[in-house]
There are 2 protein chains.
Amino acid sequence: MLDKTTAIPIYYQLKEWLRGEIASGVWKPGDLIPSERELSGKFGISRMTVRQALNELREDGLLRREQGRGTYVAEPKIEQRLTRLTGFTEDMQRRALQSGARVLRQMMVAAPAPVAHALRISQEKPIVLLERLRMAEHEPMAIESSYLHFTGMEKLLEEDFEDQSLYHYLSEKYGIIPTRAEQQVEAVQCHEGECKLLHIETNAAVLRNRRITYDQKNKPFEYTWSIYRGDRYIFYVELSLA
Amino acid sequence: MLDKTTAIPIYYQLKEWLRGEIASGVWKPGDLIPSERELSGKFGISRMTVRQALNELREDGLLRREQGRGTYVAEPKIEQRLTRLTGFTEDMQRRALQSGARVLRQMMVAAPAPVAHALRISQEKPIVLLERLRMAEHEPMAIESSYLHFTGMEKLLEEDFEDQSLYHYLSEKYGIIPTRAEQQVEAVQCHEGECKLLHIETNAAVLRNRRITYDQKNKPFEYTWSIYRGDRYIFYVELSLA
DNA sequence: GTTTAAAAGTGGTCTAGACCTCTAGCCCAT
DNA sequence: ATGGGCTAGAGGTCTAGACCACTTTTAAAC
């Protein structure tokens with residue numbers, strides 16, 4: 001089940017295997033899973049390696065560990081009702097605004113370190129960069145820089161993304177369904193070049209986002225930086241007691 | 001500096017020592033701290049033990065690690081997780097920071113129109129306004145203006161909210177459990193008065209939030225405006241396919 | 001049977017190595 | 001000057017042990 005010859009770390013392979021066992025219902029919430037020493041023996045790997053996998057899954061909220069007792073599958077967080085994952089196009093549709101785009105860059109580039117790390121690929125590996133100026137009602141709204149990595153990504157270079165939703169295209173042509181994303185949002189002053197593109201004053205306040213998007217198999221395929229005009233865009237989020 | 005005879009784990013002692021060095025300014029944000037092997041030698045402990053301390057501090061947001069380069073003190077940006085409904089106090093505790101508040105206003109006011117609408121009460125009706133300057137490690141972080149409406153709200157005026165969590169108080173004394181919230185986030189330039197209070201430059205970028213909070217019966221009881229320093233805060237949110 | 005003590009099993013901490021990838025600086029050949 | 005390769009040093013992964021704190025089970029003593 002684990003492949004020691006690949007470049008994928010063993011602890012990561014074990015994490016994915018454990019995730020699968022939980023997701024497929026082999027182990028249900030509250031169940032006791034095999035002990036560190038059992039897993040260590042079963043897969044022929046060191047206990048410390050098993051611990052790294054188990055501890056990271058605990059951080060992710062999938063496991064609960066108790067000294068002397070064992071490791072249990074955690075109760076699922078009642079954290080549903082999360083904010084909906086949408087791309088720019090769908091986001092604008094929900095706001096009843098006409099969306100569009102001007103492609104600024106569409107090329108292969110070497111993956112910058114943080115991107116490579118997030119997408120779990122080796123650094124400097126060539127990936128697709130799609131940079132677009134996003135428009136709402138023909139007025140610039142945001143700058144989106146998406147780094148994409150998946151098999152067949154080269155074909156993205158030949159496609160026209162001025163009028164096309166990236167997420168829609170990915171699900172149609174590649175079966176890649178944006179399923180989950182982790183996003184950071186901060187307020188910064190925009191730089192000169194960005195301001196010009198967005199038609200706002202230099203140093204105006206903008207929302208800067210960083211998003212890592214995962215497909216239906218929980219594989220990260222997109223890393224996106226985006227800059228939204230502070231005077232035109234409000235980010236909406238719904239919170240609930242976990 | 002580390003005591004191997006006590007029951008306190010070595011990695012934990014090292015964490016506390018590193019926290020101290022950062023807090024006292026020996027190492028400043030962006031500084032390179034000693035390598036794992038240096039720390040391992042300096043304290044006469046194993047490298048794996050050092051790694052446990054460093055990795056946990058990275059999780060806490062105090063360090064940033066780069067393969068091949070080294071370990072750096074992270075920029076003092078506090079990541080506020082919008083994945084669960086939490087208040088300022090709880091967020092600070094997660095990062096082991098001392099939180100506090102200075103009450104700016106604590107009075108009855110006529111409900112402004114948007115507030116009255118959101119809380120589903122008639123306009124101009126008197127409600128409680130609690131305005132606080134929120135502090136982390138004695139440094140101003142945010143301005144929070146909460147409009148509160150529920151039966152018995154008048155007693156809030158007699159309470160001391162300099163050291164007390166509002167959400168905690170509401171659930172303890174009134175059985176009002178913040179269960180759900182709708183929040184809007186935008187980037188704006190701060191106004192003069194706000195900048196002074198927050199100790200930042202005029203027109204600096206800040207995160208402005210509007211939050212409507214509902215209790216366990218889905219009754220809106222709080223409408224909050226808040227301004228978070230853009231240089232010290234970043235919001236984290238998880239998105240998922242409905 | 002009940003109580004108590006030992007044993008077995010769990011996760012938590014720790015060691016002293018090993019090899020890997022990646023970065024940066026240095027030096028040499030072009 | 002510029003590019004390329006080497007190398008030292010950084011963090012990342014992994015091993016095969018060890019002992020500890022704690023819980024559960026078992027077995028012995030009453």
Side-chain angles (χ1 to χ4, degrees), chain A residues 2-18 27 30-59 62-74 110-127, chain B residues 2-18 27 30-59 62-74:
Chain A
L2 305 189
D3 183 357
K4 294 190 184 180
T5 65
T6 72
I8 303 167
I10 296 171
Y11 80 90
Y12 189 81
Q13 293 182 52
L14 179 56
K15 267 182 77 173
E16 290 303 302
W17 182 80
L18 291 163
W27 302 322
D31 281 2
L32 190 63
I33 74 166
S35 72
E36 296 176 354
R37 288 168 180 86
E38 274 183 79
L39 290 171
S40 161
K42 174 185 175 75
F43 291 107
I45 59 179
S46 172
R47 199 183 139 213
M48 288 296 273
T49 305
V50 174
R51 281 181 60 76
Q52 180 168 4
L54 295 180
N55 283 333
E56 290 193 9
L57 286 173
R58 175 178 53 188
E59 290 302 307
L62 269 79
L63 296 178
R64 172 171 50 86
R65 316 194 69 187
E66 289 180 36
Q67 185 173 151
R69 289 215 176 80
T71 302
Y72 301 83
V73 178
V115 176
H117 186 255
L119 299 183
R120 303 206 59 88
I121 55 176
S122 59
Q123 295 186 27
E124 308 303 326
K125 194 168 178 179
I127 58 175
Chain B
L2 305 188
D3 183 356
K4 294 189 184 180
T5 65
T6 72
I8 303 167
I10 297 172
Y11 81 89
Y12 189 82
Q13 294 182 50
L14 179 57
K15 268 183 78 172
E16 290 304 302
W17 181 80
L18 290 162
W27 301 322
D31 282 2
L32 191 63
I33 75 168
S35 73
E36 296 176 352
R37 289 169 177 84
E38 275 181 77
L39 291 170
S40 162
K42 173 186 175 76
F43 292 107
I45 60 181
S46 173
R47 194 181 144 216
M48 287 297 271
T49 305
V50 173
R51 280 181 62 75
Q52 181 167 2
L54 296 180
N55 282 333
E56 290 194 9
L57 286 174
R58 174 178 54 187
E59 290 303 307
L62 268 78
L63 296 178
R64 173 171 51 86
R65 316 194 69 188
E66 288 180 36
Q67 184 172 155
R69 289 213 179 82
T71 303
Y72 301 83
V73 177

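Values below: every heavy atom of this structure, side chains too, minus hydrogens, waters and symmetry copies.
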Provide, to the nearest angstrom, the distance between the CD atom belonging to B/Gln52 and the P atom belonging to D/dT13.
15 Å
Heavy-atom closest pair, residues A/Glu36 and A/Leu54:
CG-CD1, 3.8 Å
Applying a 4.0 Å non-hydrogen cut-off, can you work out what B/Gln13 is touching in the nucleic acid: base, sugar-phosphate, or nothing?
nothing
Shortest non-hydrogen pair, A/Ala111 vs A/Ala116, comes out as CB-CB, 4.0 Å
Whole angstroms only, please: what is the CD1-P distance between A/Ile121 and C/dC22?
11 Å
Residue-phosphate contact under 4.0 Å: A/Arg51 side-chain N/O, C/dG12 OP1/OP2:
yes
So which nucleotide from C/dT10, D/dT13, D/dG12 ends up closest to the side chain of A/Glu38?
C/dT10
Rounded to whole Å, the CD1-C1' distance (A/Ile33 to C/dT10) equals 12 Å
Let me confirm one number: the CZ-CG distance from A/Arg51 to A/Leu39, rounded to the nearest 0.5 Å.
12.5 Å
Would you say the side chain of B/Leu18 lies within less than 4.5 Å of the side chain of B/Leu57, judging by non-hydrogen atoms?
yes
Please determine whether a side-chain nitrogen or oxygen atom of A/Ser122 lies at a distance below 4.0 Å from atom OP1 or OP2 of C/dT21.
no
Expressed as a whole number of angstroms, how long is the span from A/Leu57:CG to C/dG11:C1'?
15 Å
Between D/dC20 (P) and B/Lys4 (NZ): distance, integer Å:
15 Å
Rounded to whole angstroms, how far apart are NE2 on A/His117 and C1' on D/dG11?
11 Å
Between D/dG12 and B/Arg47, counting only base atoms on the nucleotide and side-chain atoms on the residue, is there a donor-acceptor pair under 3.5 Å?
yes
Earlier contact from the 5' end, DNA chain D, for B/Ala7 and A/Ser46
A/Ser46
Sugar-phosphate only, base, or nothing, as touched by B/Arg58 at under 4.0 Å among non-hydrogen atoms:
sugar-phosphate
Under 3.5 Å, is there an N or O donor on one side and an acceptor on the other linking the side chain of B/Ser35 and the base of D/dA10?
no
Strictly below 4.0 Å: does A/Arg69 bring a side-chain N or O up to OP1 or OP2 of D/dT24?
yes
OP1 or OP2 of D/dT23 sitting under 4.0 Å from any side-chain N/O of A/Gln67?
no
Over all atoms of both residues, closest heavy-atom pair of B/Ile45 and B/Leu14
CD1-CD2, 4.1 Å
Give the rounded distance in Å between these two atoms: CG of A/Leu32 and P of D/dT24.
11 Å
Specify the residue among A/Ala113 and B/Glu56 whose closest nucleotide of DNA chain C lies further upstream toward the 5′ end.
B/Glu56
Can you tell me how far P of C/dT10 sits from CG of A/Asn55, to the nearest Å?
16 Å
Phosphate oxygens OP1/OP2 of D/dA10: is one of them under 4.0 Å from a side-chain N or O of B/Arg37?
no
Could you tell me whether the phosphate oxygens of D/dT13, OP1 or OP2, come under 4.0 Å of any side-chain nitrogen or oxygen in A/Thr49?
no
Considering only heavy atoms from C-beta outward, does the side chain of B/Gln13 approach that of B/Thr6 to under 4.5 Å?
yes
Heavy atoms only, 4.0 Å cut-off, all strands: where does A/Leu54 land among base, sugar-phosphate and nothing?
nothing
